[in-house]
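Written below as structure tokens is the structure these notes are about.
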Amino acid sequence: VSMIRTGLKLSRVAQLIQELKSLPALPATVEKVREAMSDLTVSPRDIAQAIVKDPPIAAKVLSVANSAAYGFPSRVASVELAVALLGLRETYSIVLSAAVLNIFDKSRRFDYKAYWEEAMNSAAAAKAIAKSCGKERDASIFTAGLLHDIGRIALLETVPEMYVSIPPDSMGEALVEAELDIIGLAHTEAGYELATRWQLPVEISEPIRFHHSPGFATEATQNVAMVALAELWMRTATAAGADEDGAIALAGPLITSLGISAEAARAAYRDVASLERVRFAWESPS
């Protein structure tokens, strides 16, 4: 009986992977911005004009540029200004994030507002940790933080009846175990399937795959560790009775893998704990 169940589960997983591969491709806007990164003659205005042709993505780019993660001193009111302030690599990172986000935000099966607020907070935390590691100029870390749990939505979109049976308060390894038990595929692997289909760079795809098991990552290991730490500390910092010493002790292996000092780790935790929590609201682009 157990062999039959295993066979059925494997068959279901194979079918699920095929369904994941049939999810929509990224829009042309992403490719246009990526191509512009290698063309020195392209101006922020040119890139902005390509972005505003896709209003949902343009709205999200402005929302992200105006978030606490970037902390610009005054409101960013136009896509062109956002591109000029952020730079090409960061703009591409945000356009990529916004495009992925836009593919999935039409479903009524999930509290997307809460999900993306949590994702944005993780991205901001990852940026704060990257700063402590001397990698604040790495644009990929923001996108890796924002998209690290994208597999959860992918599973919800493909097997909604099964995914809603997973306890809503499941987190970390408990969430992975519940997904494997009920569906046969964890959100980490589902997200990695999407990342592979969309040809995302390893700096983003590896954190998606290994943020719950950073010790297994063999590429982009610093990004993996930073995203894993961001997720851990975002939960720790908001938990009842949260304390700095406990958070540092809990993150010991990740801190060691990042190679930062105890003083830098404490500074990073304080930065994460003091982040203004995001309330994500899409606005009309201008």
Side-chain angles (χ1 to χ4, degrees), residues 1-31 56-57 96-116 118-119 122 143-220 223-224 227-228 231:
V1 174
S2 61
M3 289 183 65
I4 292 173
R5 287 178 178 171
T6 300
L8 289 172
K9 182 174 285 189
L10 288 173
S11 175
R12 187 173 68 218
V13 168
Q15 181 181 355
L16 176 55
I17 288 175
Q18 288 303 313
E19 291 175 4
L20 289 171
K21 289 179 178 178
S22 70
L23 286 171
L26 293 177
T29 307
V30 176
E31 183 61 21
I57 290 180
L96 173 61
S97 303
V100 173
L101 191 158
N102 196 52
I103 286 173
F104 291 113
D105 71 358
K106 300 175 181 64
S107 173
R108 299 178 183 276
R109 302 183 182 118
F110 198 65
D111 186 350
Y112 280 84
K113 184 173 183 294
Y115 173 84
W116 289 115
E118 181 181 338
S122 292
T143 303
L146 189 62
L147 300 183
H148 75 283
D149 265 348
I150 195 68
R152 290 175 57 198
I153 299 183
L155 289 175
L156 183 74
E157 289 294 302
T158 49
V159 284
E161 297 81 7
M162 298 175 72
Y163 204 77
V164 295
S165 66
I166 293 173
D169 57 348
S170 298
M171 295 186 298
E173 285 301 316
L175 174 61
V176 170
E177 290 175 8
E179 290 168 340
L180 289 173
D181 182 54
I182 295 171
I183 301 171
L185 188 70
H187 70 279
T188 48
E189 288 300 318
Y192 184 69
E193 282 292 331
L194 284 184
T196 300
R197 165 171 163 69
W198 290 332
Q199 297 181 313
L200 303 188
V202 294
E203 291 81 9
I204 297 170
S205 63
E206 290 292 285
I208 288 173
R209 191 178 199 181
F210 293 113
H211 61 274
H212 287 304
S213 53
F216 288 96
T218 58
E219 296 182 272
N223 270 25
V224 173
V227 170
E231 184 179 66

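Numbering starts at 1 and runs along the sequence shown.
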> Among all residues two or more places apart in sequence or in another chain, which pass the side-chain contact (heavy atoms from CB on, under 4.5 Å) test with P27?
Replying inline: V30, D54, I57, A99
>> Within this structure, what is the OG1-CZ distance for the pair T188 and R152, rounded to the nearest 0.5 Å?
In response: 12.0 Å
>> Under the side-chain hydrogen bond (donor to acceptor under 3.5 Å, both in side chains) definition, can you give me all pairs with a residue in residues 196-208, not counting sequence neighbours?
In response: none
> Taking atom types as modelled, is there a side-chain donor on E231 or H148 under 3.5 Å from an acceptor on the other?
Replying inline: yes
> Among all residues two or more places apart in sequence or in another chain, which pass the salt bridge (charged side-chain N to carboxylate O under 4.0 Å, His left out) test with E189?
Replying inline: R209
> Can you tell if the side chain of L96 reaches within under 4.5 Å of the side chain of L26, non-hydrogen atoms only?
Replying inline: yes
> Can you name the side-chain contact (heavy atoms from CB on, under 4.5 Å) partners of M171, sequence neighbours left out?
Replying inline: R235
> Are L175 and H187 side-chain neighbours, meaning at least one heavy-atom pair lies under 4.5 Å?
Replying inline: yes
> Stepwise, does the side chain to side chain contact (heavy atoms under 4.5 Å, CB included) test hold for N223 with I204?
Replying inline: CA-CA 8 Å; N223 270 25; I204 297 170; 5.9 Å; no
> Between G151 and A190, what is the shortest heavy-atom contact and its length?
Replying inline: O-CB, 4.0 Å
> Mind checking what makes salt bridge (charged side-chain N to carboxylate O under 4.0 Å, His left out) contact with E219, not counting sequence neighbours?
Replying inline: none
> To the nearest 0.5 Å, what is the distance between CG (L185) and CD (Q15)?
Replying inline: 12.5 Å
>> I need the minimum non-hydrogen distance between L146 and A119, along with the two atoms involved.
In response: O-CB, 3.4 Å
> Just checking, is any N or O donor in the side chain of Y163 or E179 under 3.5 Å from an acceptor N or O on the other one?
Replying inline: yes
> What do the steps show when you test V227 against I208 for side chain to side chain contact (heavy atoms under 4.5 Å, CB included), and what is the final call?
Replying inline: CA-CA 9 Å; V227 170; I208 288 173; over 6 Å; no
> Atom CG in L194, atom CD in E157: separation rounded to 0.5 Å?
Replying inline: 10.5 Å
> Who are the side-chain contact (heavy atoms from CB on, under 4.5 Å) partners of E31, not counting sequence neighbours?
Replying inline: R34, E35
>> What verdict does the side chain to side chain contact (heavy atoms under 4.5 Å, CB included) test give for L155 and L16, after you've listed the backbone C-alpha separation in whole Å, the side-chain angles of each residue and the deciding distance to 0.1 Å?
In response: CA-CA 8 Å; L155 289 175; L16 176 55; 3.6 Å; yes
>> How long is the straight-line distance from CG of L147 back to OG of S122, given to the nearest 0.5 Å?
In response: 11.0 Å
